[in-house]
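We count residues from 1, following the sequence as given.
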Amino acid sequence: MKFKKKLLVSFMKRLKKKKHLTRKKAFVYLAVGILAINLLALVVNALGKVFSRKTLIPALSMVAVVVAFSFVYNLNDDLANYNLMRTEKGAKRIAMGMTEKFFGEDAMERFEVKSPGEMTVSFAAAQDVENETPASNFIEGMKPYFIKVNRQMNCVTVYTYDENGLYTIPVKAMTCSVGIGGETPLGTFTTSDRHEWCYMVDGTWGMYAVRIDGPIMFHSVPFYTKNEDDLEWEQFNKLGEDASLGCVRLAVADVKWIFDNCPHGTGVEIYDDVNPGPLGKPDTIKITADCTWDPTDILNVDNPWNACAPSLSGVESRIVKVGEPVDILEGVKAYDSCGNEISSKIKVTTNLDLTTAGEYTVEYSVTDALGRTASQSATVLVLKPNDNNFFFSLNDKINHLN
């Protein structure tokens, strides 16, 4: 009895030191602890009848204390981990820790949070990932994406795998800048280390750097200093053409997508082809020295480009006679979020019929390279041939027809 009392007191002291402990957990631990202590006491008493109590009981008591404390310690850690797994961030912490513990820093990890408290983790030794990964690796060791860099066209296309485990489904295209004079090597590689900021060989800084092979990395257009507002704006305007010392430069939004979504060990193929890729080569946007932020860095609340939007000018209502030709784009211009003219991208939607008198609406819209849209509408009033009331204002004409 004294043995159980001492063990219970020690047990409660240990509980007080536990982390993540709530009142509900404390009752669970206490109930499990009392049960374990009673079971251990029964075993000790039974063995004590066979062997000498003087030597056996103290030894078994020590073992009982260690076993009980170890059980409760592991139980608490398991429950704490369960609580962490209830969030994606917590689950990733556990998965990354397990990866490093069992496979080392060079192991590649893949984890998926399916629902609160449920997580799937797959591990595999670091290895080359071919663009045709066999279906047998569909679950373990399969990376979510494979990256292809078309060096000739300065275009990156990201693929995911199909039902056969082959990377055939294009999901995202990005415009890049590869090395001048063929400095970006051809071949198939796997990504390794990554850095939010990386000091470059020419004394500049790159954001969201992901190593492809040796000194060759994915990273942003260089910054003069380690500051988001100190971008080399002339180099940013070269996206889509050869411009780097060998690395693959991307806009901040694009390289951050790779940084966030393509884990360690993601396959990368660098090749040459006149066809940019199945999704084409996205348009880029140009900036000036007046604002040296990357306009795609929209998650940075301090970025002044976030307050900018495309615009339309010259959108006006007009009056025409039935059968008269009219150019509804005459005098209409469009500008992107950074002030560059993009009139060729204007889209027009209308039900205009120049053969029938009536009032028609013309909708103008434009979307720039940042994905931002502007729209405006105008009225076209088509009058009958014998209607000579052109001295009315436009509003008068509309009222006249109504």
Problem - Val268 and Thr188: CA distance, side-chain angles, deciding distance, side chain to side chain contact (heavy atoms under 4.5 Å, CB included) verdict - result: CA-CA 6 Å; Val268 179; Thr188 302; over 6 Å; no
[Y] backbone acceptor or donor facing [X] side chain under 3.5 Å:
{"X": "Asn227", "Y": "Asp230", "answer": "no"}
{"X": "Thr296", "Y": "Ala253", "answer": "yes"}
{"X": "Ser317", "Y": "Ala378", "answer": "no"}
{"X": "Asp353", "Y": "Thr355", "answer": "yes"}
{"X": "Ser177", "Y": "Glu241", "answer": "yes"}
{"X": "Arg372", "Y": "Cys308", "answer": "yes"}
{"X": "Lys143", "Y": "Cys262", "answer": "no"}
{"X": "Asn340", "Y": "Lys286", "answer": "yes"}
{"X": "Thr266", "Y": "Pro263", "answer": "yes"}
{"X": "Asp368", "Y": "Ser337", "answer": "yes"}

Problem - Parallel, tilted or perpendicular: ring planes of Phe146 versus Tyr167, cut at 30 and 60 degrees - result: tilted
For the residue pair [X] and [Y], establish whether any side-chain heavy-atom pair is separated by less than 4.5 Å.
{"X": "Leu370", "Y": "Pro295", "answer": "yes"}
{"X": "Ile328", "Y": "Leu352", "answer": "yes"}
{"X": "Met174", "Y": "Val158", "answer": "yes"}
{"X": "Ile169", "Y": "Tyr161", "answer": "no"}
{"X": "Tyr271", "Y": "Arg151", "answer": "no"}
{"X": "Val348", "Y": "Val362", "answer": "yes"}
{"X": "Leu245", "Y": "Glu183", "answer": "no"}
{"X": "Val382", "Y": "Tyr360", "answer": "yes"}

Out of curiosity, [X] [atom1] to [Y] [atom2], how far, rounded to the nearest 0.5 Å?
{"X": "Glu232", "Y": "Asp294", "atom1": "CD", "atom2": "CG", "answer": "12.5 Å"}
{"X": "Met200", "Y": "Ser220", "atom1": "CE", "atom2": "OG", "answer": "7.5 Å"}
{"X": "Asp273", "Y": "Lys148", "atom1": "CG", "atom2": "NZ", "answer": "10.0 Å"}
{"X": "Thr284", "Y": "Lys238", "atom1": "OG1", "atom2": "NZ", "answer": "13.5 Å"}
{"X": "Glu316", "Y": "Thr379", "atom1": "CD", "atom2": "OG1", "answer": "12.5 Å"}
{"X": "His264", "Y": "Thr190", "atom1": "NE2", "atom2": "OG1", "answer": "7.0 Å"}

Can you name the closest pair of heavy atoms from [X] and [Y] and give their distance?
{"X": "Cys198", "Y": "Ala209", "result": "CB-CB, 3.6 Å"}
{"X": "Ile287", "Y": "Cys338", "result": "CG2-SG, 3.9 Å"}
{"X": "Pro385", "Y": "Val322", "result": "CD-CB, 4.2 Å"}
{"X": "Val315", "Y": "Gln376", "result": "CB-NE2, 3.8 Å"}
{"X": "Gly277", "Y": "Thr157", "result": "CA-OG1, 4.2 Å"}
{"X": "Ile346", "Y": "Val332", "result": "CD1-CG1, 3.8 Å"}

Exercise for the section: Report the residues that fulfil side chain to side chain contact (heavy atoms under 4.5 Å, CB included) with Ser377, sequence neighbours left out, ordered by chain and then residue number. Expected result: Thr361, Glu363
Exercise for the section: State which residues pass side chain to side chain contact (heavy atoms under 4.5 Å, CB included) with Arg194; sequence neighbours excluded, sorted by chain then number. Expected result: Thr191, Val210, Phe259
Problem - Verdict with reasoning, Ile147 to Val156, per side chain to side chain contact (heavy atoms under 4.5 Å, CB included) - result: CA-CA 7 Å; Ile147 307 170; Val156 175; 3.6 Å; yes
Practice task
Identify whether NZ of Lys or CZ of Arg in Lys347 sits under 6.0 Å from the centre of the six-membered ring of Tyr364 and within 45° of that ring's axis.
Solution key: no
Practice task
Examine the side chains of Thr367 and Thr373 and answer whether a donor and an acceptor come within less than 3.5 Å of each other.
Solution key: yes
Practice task
Determine whether the side chains of Asp242 and Asn154 contain a donor N or O and an acceptor N or O closer than 3.5 Å.
Solution key: yes
Exercise for the section: Any chance you could lay out the side chain to side chain contact (heavy atoms under 4.5 Å, CB included) test for Asp297 and Glu228, step after step, and finish with the verdict? Expected result: CA-CA 9 Å; Asp297 190 9; Glu228 294 95 331; 4.3 Å; yes
Practice task
Under the ring-ring contact (aromatic ring centres under 6.0 Å, His included) rule, collect the residues that match up with Trp233, sequence neighbours excluded.
Solution key: none
Problem - Carboxylate-amine/guanidinium proximity below 4.0 Å for Asp260 and Lys256 - result: yes
Handout entry: Lys345 bridged to Asp283 by N-O distance under 4.0 Å
Key = yes
Exercise for the section: Sort and list the pairs that fulfil ring pair (Phe, Tyr, Trp, His ring centres under 6.0 Å) and have at least one residue in residues 314-345, not counting sequence neighbours. Expected result: none
Handout entry: Chi angles and distances behind the side chain to side chain contact (heavy atoms under 4.5 Å, CB included) call for His195, Met217
Key = CA-CA 10 Å; His195 312 273; Met217 309 178 82; 4.2 Å; yes
Fill in the blank from the handout: Applied to residues 298-307, the side chain to side chain donor-acceptor pair (under 3.5 Å) test, sequence neighbours excluded, yields none
Practice task
Please say whether more than 12 non-hydrogen atoms of neighbouring residues, nucleotides or ligands are located less than 6.0 Å from NZ in Lys333.
Solution key: no
Fill in the blank from the handout: Sorted by chain and number, sequence neighbours left out, side chain to side chain donor-acceptor pair (under 3.5 Å) with Ser365 holds for none
Exercise for the section: Using ring pair (Phe, Tyr, Trp, His ring centres under 6.0 Å) as the criterion, point out the one residue from Phe218, Tyr145, Tyr208 that pairs with Trp257. Expected result: Tyr145
